[in-house]
Amino acid sequence: MQLVVGRIGRAHGIKGEVTIEVRTDEPELRLGPGAVLATDPASAGPLTIETGRVHSGRLLLRFAGVSDRNGAEALRNTLLIAEVDPQETPEDPEEFYDHQLIDLDVVTENGTAVGRIAEITHLPYQDLLVVQRPDGSEVLIPFVSEIVPDIDLERQIAVITPPPGLLDERDAEIDSTREREQP
């Protein structure tokens with residue numbers, strides 16, 4: 001099974017290093033020297049990691065055969081893909097691979113069916129579960145413990161506690177300070 005573990009950003013310096021937008025909770029395992037990664041687009045790879053280091057809080061990698069800024073810049077926005085055993089699970093029991101979450105049924109705490117997880121969207125500050133509802137519409141569920149308190153892989157369900165308005169905008173509680181500030 002293939003997992004996206006990073007995206008190549010801009011070139012750093014003149015010796016072929018690139019910044020990496022890390023998309024794995026296990027970068028030391030997936031993005032270490034010697035790792036061979038497939039790419040999207042496939043024509044850019046496979047890429048073998050030659051060196052890696054952290055600089056000002058960002059991961060910098062250099063790939064075998066990429067020795068200058070032009071070569072590094074040509075890789076910009078390329079996705080890095082690692083081959084992973086489908087039975088492998090993250091070390092932390094509170095973490096999940098995308099393939100473990102796709103197709104889970106989503107229900108509220110009281111058992112009301114919401115839909116099925118169609119995909120996971122990875123954003124810089126949090127992930128979103130894209131849930132396909134029975135009527136064909138989609139709802140985006142922030143993948144945070146306050147809203148998704150339980151993932152039960154054995155039962156193949158994700159339990160959610162949606163805040164008012166998340167599933168039905170008619171239930172939204174609007175808190176406007178404009179009304180209170182008027183004299």
Side-chain angles (χ1 to χ4, degrees), residues 1-104 106 117-131 140-153 158-161 163 166:
M1 165 167 280
Q2 295 187 324
L3 295 177
V4 174
V5 295
R7 184 179 67 81
I8 298 174
R10 61 184 173 81
H12 179 84
I14 60 170
K15 296 184 179 180
E17 284 185 312
V18 293
T19 61
I20 300 295
E21 176 188 308
V22 177
R23 294 190 181 174
T24 176
D25 290 332
E26 302 168 314
E28 61 285 340
L29 175 66
R30 308 275 180 228
L31 298 170
V36 178
L37 303 168
T39 60
D40 182 8
S43 61
L47 294 172
T48 302
I49 298 174
E50 199 168 82
T51 63
R53 65 187 178 103
V54 176
H55 175 71
S56 297
R58 290 193 68 58
L59 178 62
L60 301 178
L61 296 180
R62 181 178 300 129
F63 299 103
V66 180
S67 59
D68 62 16
R69 186 174 186 87
N70 291 337
E73 196 59 46
L75 295 173
R76 191 175 197 157
N77 293 321
T78 299
L79 295 178
L80 300 173
I81 302 166
E83 191 66 39
V84 177
D85 179 348
Q87 302 306 315
E88 184 180 327
T89 58
E91 290 180 21
D92 185 340
E94 296 296 314
E95 293 177 3
F96 303 93
Y97 292 135
D98 289 3
H99 72 272
Q100 294 176 292
L101 301 173
I102 302 292
D103 288 332
L104 291 185
V106 178
I117 299 174
E119 68 180 276
I120 316 306
T121 299
H122 299 281
L123 300 175
Y125 296 104
Q126 73 182 24
D127 296 335
L128 294 174
L129 303 177
V130 180
V131 177
L140 301 176
I141 309 284
F143 193 26
V144 294
S145 60
E146 295 81 20
I147 298 174
V148 186
D150 188 33
I151 298 288
D152 188 334
L153 295 177
V159 177
I160 65 169
T161 57
L166 183 64

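Taken from OG1 in Thr19 to CG in Leu60, the straight-line distance is 7.0 Å, to the nearest 0.5 Å. To the nearest 0.5 Å, the span separating CD1 on Ile120 from CZ on Phe96 amounts to 11.0 Å. Of the inter-residue distances, the one linking Ile20 atom CD1 with Thr78 atom OG1 reads 9.5 Å to the nearest 0.5 angstrom. In this structure, the separation between NE2 on His12 and CG on Leu61 is 12.0 Å, given to the nearest 0.5 Å.
Shortest non-hydrogen contact noted between Ala72 and Val18 is CB-CG1, 3.5 Å. The two residues Ile117 and Ala158 make their nearest non-hydrogen contact at CD1-CB, 4.2 Å.
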Item to complete: List the steps, then state whether side chain to side chain contact (heavy atoms under 4.5 Å, CB included) holds for Leu129 with Leu140.
Response: CA-CA 6 Å; Leu129 303 177; Leu140 301 176; over 6 Å; no
Practice prompt. I would like to know whether Leu80 and Phe63 meet side chain to side chain contact (heavy atoms under 4.5 Å, CB included); could you show each step before the answer?
Written response: CA-CA 12 Å; Leu80 300 173; Phe63 299 103; 4.1 Å; yes
Practice prompt. For the pair Ile147 and Leu166, evaluate side chain to side chain contact (heavy atoms under 4.5 Å, CB included) and give the outcome as yes or no after the intermediate values.
Written response: CA-CA 10 Å; Ile147 298 174; Leu166 183 64; 4.1 Å; yes
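Sorted by first and then second residue, the pairs that involve residues 57-74 and meet side chain to side chain donor-acceptor pair (under 3.5 Å), not counting sequence neighbours, are Glu73-Arg76.
Counting non-hydrogen atoms of neighbouring residues, nucleotides and ligands closer than 6.0 angstrom, the CD1 atom of Ile14 reaches no more than 12 such neighbours.
When side chains are defined from C-beta on, Phe143 counts as touching Leu101, because their heavy atoms get closer than 4.5 Å. Between Leu37 and Ile81, the closest side-chain pair of non-hydrogen atoms is not below 4.5 Å. Side-chain atoms of Ile8 and Asn77, non-hydrogen and from C-beta on, never get closer than 4.5 Å to each other.
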Show me the side-chain donor-acceptor pairs of residues 45-56 shorter than 3.5 Å, one per line, residues at least two apart or across chains.
from  : atom 1 : to    : atom 2 : distance (Å)
Arg53 : NE     : Glu17 : OE2    : 2.9
Arg53 : NH2    : Glu17 : OE1    : 2.9

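Legend: residues meeting salt bridge (charged side-chain N to carboxylate O under 4.0 Å, His left out) with Asp152, ordered by chain and number and at least two apart, are Arg155.
Here the options are Val159, Val148, Val131, the test is side-chain contact (heavy atoms from CB on, under 4.5 Å), and the partner is Val106; only Val131 passes.
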